Amino acid sequence: MNQTELYQKALELSGLTVLQLAQQLNLSPPNGLVTAKGWFGQAIELFLGVQAGCSPVPDFPQLQIELKTIPVNQKGQVIESTYVTTLPLMNHQQFIWHESTCYKKLQNVLWIPFEGDKHLPFLQRRIGQAILWSPSDEQYDILKSDWEHIIEWVLMGKIEQITGSIGQYLHIRPKAAHSRVLTKSIGHEGEIIQTLPRGFYLRTALTQQIILKA
DNA sequence: GTCTGATCATGA
DNA sequence: TCATGATCAGAC
C-alpha cells in the first residue's frame, strides 16, 4: 500500500457513524468511552490495516505515516489534545531530534476527525474527512524548539520541574496507569531517580490549525 | 513496567 | 471554561 492508496482508503470512512464502522469490522462497540478510551482509534487502525503492537514507531513504518483520530465539536473545534509518544528519560538515542520517535511520528500524520461532542450518543457520532498532514516550516520550527526545550530540562535532571505549561505546540503530561507508577530518570546530580512517566502531547493550538486548514 | 490507543476530571 | 494532571484498556 502506498500513500495515495492509504489516503483513499481513509476517505472511505467519511460520513460513517461509529456504529456503521463497528458493523463493518464485526466489532461490538462499547456504549461509551469512559472505560474504552482508545476503542475508536483502535477500530480505525483495524479498518486501515495497522499492525497492532506497542513498538514506538509510526503506524505505517514504510510510509512514515502516523495515524491519529481527533475529536471535533459541531463548530469544527478540536476538543482534546493528542498523544504523540513517550517522553524519553534514559534512552540516549532519543535525545537527538532526528533520531527521536517524536520527530519520526510527526513527519506525516493521517488525521481522522470525528464528532466528539459528549452529548452525542457515541454510536451515532460520524467520522469526518481524513487529512494527510506534514508540518509547515513554521510549525516544524516550533515543534522542534518545544521538543529541544523539554529534552534539555530532562538532560539537566529537571524532570520534576517540567510542567504541562511548557511548550507552544508540544508539551508533556503524565502518561501512566495512575500517578504512583515510577520509571527511571536523571536527577539533578546526574544520579538515577524514580519519576512518573510522561508523554508528549500536541496542543489544540496546533491541531486546530490542521483541522481548520483542511 | 513500557509501550500503544486515548479521554476524563478537577482546579484556577 | 479549559488546560494540566490523572486515569482507563490492552498487548507484551
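Chain identifiers are assigned alphabetically (A, B, ...) following the order of the sequence lines, protein sequences preceding nucleic acid strands; residue numbering begins at 1 within each chain. Please read all numbers here as calculations on a predicted model, not as lab measurements.
Distance A:L67 CG to B:dG5 C1': 10 Å, rounded to the nearest Å. A:L196 has its CG atom 7 Å from the P atom of C:dA6, to the nearest Å. Per the geometry, CD belonging to A:E45 stands 15 Å off P belonging to C:dG10, to the nearest Å. Rounding to whole angstrom units, CZ of residue A:F122 and C1' of B:dA6 are separated by 11 Å. Between A:R198 atom CZ and B:dG1 atom P there is a gap of 15 Å when expressed in whole angstrom units. Rounded to an integer number of Å, the gap from CZ of A:F200 to C1' of C:dG5 is 17 Å. In this structure, the CD1 atom of A:I172 is 9 Å from the P atom of C:dG5, given to the nearest Å. Atom CD of A:Q194 and atom P of B:dG1 are 9 Å apart (whole Å).
A residue-by-residue look at A:R180 and A:S165 shows that A:S165 has its nearest nucleotide of DNA chain C further toward the 5' end. Checking A:H171 against A:A36, the closest nucleotide of DNA chain C that is more toward the 5' end is the one next to A:H171.
Counting any heavy atom pair closer than 4.0 Å across all strands shown, A:P174 reaches a base atom. Within 4.0 Å of A:I79, counting heavy atoms only, lies no atom of the nucleic acid at all. A:K105 comes within 4.0 angstrom of sugar-phosphate atoms only, judged by non-hydrogen atoms across all strands, and of no base.
With B:dT4, B:dG1, B:dA6 as the candidates, the nucleotide lying closest to the side chain of A:T85 is B:dT4. Among the nucleotides C:dT7, B:dC3, B:dG5, the one closest to any side-chain atom of A:Q42 is B:dG5. When the nucleotides C:dG5, B:dG5, B:dG1 are ranked by their closest atom to the side chain of A:E66, B:dG5 comes out on top.
For B:dG5, the base has a donor-acceptor partner in the side chain of A:K175 [N/O atoms by modelled type, under 3.5 angstrom].
For A:K68, a side-chain nitrogen or oxygen approaches OP1 or OP2 of B:dG5 to under 4.0 Å. Taking side-chain N and O atoms only, A:T86 has a distance below 4.0 Å to OP1 or OP2 of B:dT4.
A:K158 forms a cation-pi arrangement with A:W153, by the criterion of a distance under 6.0 Å to the ring centre and an angle within 45° of the ring axis.
With no hydrogens or angles considered, no side-chain donor-acceptor pair links A:E99 and A:Q94 at under 3.5 Å.
The aromatic rings of A:F40 and A:F114 sit tilted, their planes meeting at an angle between 30° and 60°.
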> Which letters describe nucleotides 7-12 of chain B, given B = protein heavy atom under 4.0 Å from base, S = only from sugar-phosphate, - = neither?
Replying inline: BB----
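Here ring-ring contact (aromatic ring centres under 6.0 Å, His included) pairs that include residues 159-198 of chain A, with residues two or more places apart or in two chains, number zero.
Taking the side-chain contact (heavy atoms from CB on, under 4.5 Å) definition, one finds that A:T183 meets it with A:L89, A:T195, A:P197, sequence neighbours left out.
A salt bridge between A:E160 and A:R198 is present, with a side-chain N of the basic residue lying under 4.0 Å from a carboxylate O of the acidic one.
Taking all atoms of both residues into account, the shortest heavy-atom contact from A:L25 to A:A43 is CD1-O, 3.3 Å.
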>> Applying salt bridge (Lys or Arg N to Asp or Glu O under 4.0 Å) to A:K9 and A:E5, what does each step give before you reach the verdict?
In response: CA-CA 6 Å; A:K9 180 82 174 163; A:E5 288 166 348; over 6 Å; no
